[in-house]
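Following: one structure in structure tokens, then a few remarks.
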2 protein chains.
Amino acid sequence: MNYSKQREIIYNTLKTNVVHPTAEYIYEILKKRHPNISLATVYRNLNQMASAGIIKRIEGLESSVHYDHNTHEHYHFICDKCKKVFDIDADIAPDIEDKTFAKTGFAILGHEITFHGFCADCK
Amino acid sequence: MNYSKQREIIYNTLKTNVVHPTAEYIYEILKKRHPNISLATVYRNLNQMASAGIIKRIEGLESSVHYDHNTHEHYHFICDKCKKVFDIDADIAPDIEDKTFAKTGFAILGHEITFHGFCADCK
DNA sequence: TATAAAATGATAATTATTATCAATTTATGG
DNA sequence: CCATAAATTGATAATAATTATCATTTTATA
């Protein structure tokens with residue numbers, strides 16, 4: 001993977017952002033300072049970094065994919081009202097992959113847990 | 001919700017099917033015996049039954065939504081090679097909603113766990 | 001610094017899904 | 001049992017999210 005200015009600013013936007021944005025959201029932010037950037041470049045780089053393990057894709061929250069700069073094991077909660085995404089600590093489901101391997105014998109390469117409901121502000 | 005012949009055959013197809021099909025897959029099966037059925041009818045009825053709690057939507061497996069006639073709490077594993085979807089017993093993550101509520105205070109209305117990797121046949 | 005590989009922006013194409021709407025089917029109150 | 005309203009259908013248009021294409025530009029390196 002070669003260096004690219006665009007990838008750098010996409011990563012920085014993701015990292016300094018409090019939310020767990022979609023590609024579209026990052027694109028909207030970047031457009032203000034970098035009006036020439038293309039939405040395809042944003043998608044391309046986010047997926048490229050996700051493949052390389054630099055960031056993570058969060059699927060199953062909404063129809064669109066969200067991205068997360070935090071690659072440590074943790075889970076997500078999406079508020080059904082305000083649609084904000086919150087981190088949930090990994091210790092709510094200890095050894096879940098080992099347990100599942102013990103039960104099934106499947107080679108488990110990853111897992112994802114997503115909660116939904118109402119956050120503190122919305123409930 | 002009124003009775004409809006189409007909803008009945010869609011539900012029966014889902015119930016008697018070993019897999020966790022997508023709307024498209026159900027549509028392809030149904031077309032053989034019911035060539036006039038519309039794909040929109042399949043989507044409409046699956047989502048309608050999911051809203052009513054009669055079946056469940058499984059999101060986060062692939063780009064398309066899968067449906068499940070088993071509404072009891074359980075999780076899913078998708079094989080990265082053959083794309084088959086397997087059930088995982090709920091007891092791998094006991095009291096996960098209570099634990100998450102205790103940590104966050106959020107009102108939790110549901111959660112989903114999806115694993116991926118290689119199944120017994122593919123690994 | 002010439003060259004090959006990688007990345008970009010613009011945009012077309014694709015995929016999954018939902019919306020629209022006239023016609024048909026279903027439920028029910030008289 | 002039928003008239004009526006509400007629900008549902010099939011056909012298809014529309015939308016939303018994402019990926020593919022491709023000529024041009026940028027980056028790494030011999």
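Each chain gets a letter, A, B and so on, in the order its sequence line appears, and its residues count up from 1.
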Asp68(A) vs His74(A) side-chain heavy atoms within contact, under 4.5 Å: yes

Spacing between Glu28(B) atom CD and dT15(C) atom C1', to the nearest angstrom: 14 Å

Interatomic distance where OH belongs to Tyr25(B) and C1' belongs to dA16(C) [whole Å]: 18 Å

Minimum-distance nucleotide to Gln6(B) side chain [options: dT9(D), dA7(C), dT8(C)]: dT9(D)

Side chain proximity check, Asn70(A) to Asp87(A), heavy atoms < 4.5 angstrom: yes

Heavy-atom closest contact (Met49(B) atom, Ile10(B) atom, distance): CE-CG2, 3.9 Å

Sequence-aligned protein contact record of nucleotides 18-24 of chain C, with B where the base is within under 4.0 Å of a protein heavy atom and S where only the sugar-phosphate is: BBB----

side-chain hydrogen bond (donor to acceptor under 3.5 Å, both in side chains) against Glu24(B), all qualifying residues, sequence neighbours excluded: none

Return a table of donor-acceptor pairs under 3.5 angstrom between the side chains of residues 116-123 of chain A and protein atoms on other chains or two or more places apart.
from: His116(A); atom 1: ND1; to: Asp80(A); atom 2: OD1; distance (Å): 3.1
from: His116(A); atom 1: ND1; to: Asp80(A); atom 2: OD2; distance (Å): 2.8
from: Lys123(A); atom 1: NZ; to: Gly105(B); atom 2: O; distance (Å): 2.4

Nearest-Å distance for atom pair CD/P, residues Glu59(A) and dT18(D): 9 Å

Interatomic distance where CG belongs to Leu61(A) and P belongs to dA17(D) [whole Å]: 14 Å

Side-chain N,O (Ser63(A)) to OP1/OP2 (dA16(D)) below 4.0 Å: no

Qualifying ring-ring contact (aromatic ring centres under 6.0 Å, His included) pairs with a residue from residues 81-110 of chain B, counting only residues at least two apart or across chains: Phe77(A)-Phe106(B), Phe86(A)-Phe106(B), Phe106(A)-Phe86(B)

Using the 3.5 Å cut-off, write out each protein N or O paired with an N or O of nucleotides 27-30 of chain C and the distance between them.
from: dA27(C); atom 1: OP1; to: Tyr3(B); atom 2: N; distance (Å): 3.4

Residues forming a side-chain hydrogen bond (donor to acceptor under 3.5 Å, both in side chains) with Asp95(B), sequence neighbours excluded: none

With His111(B) via side-chain hydrogen bond (donor to acceptor under 3.5 Å, both in side chains) - residues at least two apart: Tyr75(B), Glu97(B)

side-chain hydrogen bond (donor to acceptor under 3.5 Å, both in side chains) involving Glu8(B) - partner list, sequence neighbours excluded: Tyr3(B)

Nearest-nucleotide comparison on DNA chain C, the residue closer to the 5′ end among Lys5(A) and Glu24(B): Lys5(A)

Spacing of His34(A) atom NE2 relative to dT26(D) atom C1', expressed in whole Å: 17 Å

Residues in ring-ring contact (aromatic ring centres under 6.0 Å, His included) contact with Tyr25(B), at least two apart in sequence or another chain: none

Carboxylate-amine/guanidinium contact Asp91(B) Lys103(A), below 4.0 Å: yes

Touch class at under 4.0 angstrom, heavy-atom based, for Ser4(B) against every strand present: sugar-phosphate

Asn45(A) CG to dG9(C) C1', straight-line distance once rounded to whole Å: 12 Å

Contact check, side chains of Ile96(A) and Lys99(A), non-hydrogen atoms, under 4.5 Å: no

dT8(C) OP1/OP2 closer than 4.0 Å to side-chain N/O of Ser38(A): no

Polar-atom pairs under 3.5 Å, protein N or O versus N or O of nucleotides 1-5 of chain D: list them with distances, or write none.
none

Asn36(B) CG - dA11(D) P separation (whole Å): 6 Å

Nearest-0.5 Å distance, CG of residue Leu14(B) to CD1 of residue Ile54(B): 11.0 Å

Inter-end axis angle, the helix from dT1(C)-dA30(D) to dG30(C)-dC1(D), with every axis fitted to five base pairs (rounded, 10 degrees): 30°

Length of the line joining Glu8(B):CD and dA7(D):P, which is rounded to integer Å: 20 Å

Lys81(A), NZ: over 12 other non-hydrogen atoms inside 6.0 angstrom: no

Short side-chain N/O contact from Gln48(A) to OP1 or OP2 of dA6(C), under 4.0 Å: no

Touch class at under 4.0 angstrom, heavy-atom based, for Ser64(B) against every strand present: sugar-phosphate

Output side-chain donor-acceptor pairs under 3.5 Å for residues 58-67 of chain A, partner residues at least two apart or in another chain, one line each.
from: Glu59(A); atom 1: OE2; to: Arg57(A); atom 2: NE; distance (Å): 3.4
from: Glu62(A); atom 1: OE1; to: His66(A); atom 2: NE2; distance (Å): 2.9
from: His66(A); atom 1: ND1; to: His20(A); atom 2: O; distance (Å): 2.6
from: Tyr67(A); atom 1: OH; to: Asn47(A); atom 2: OD1; distance (Å): 2.8

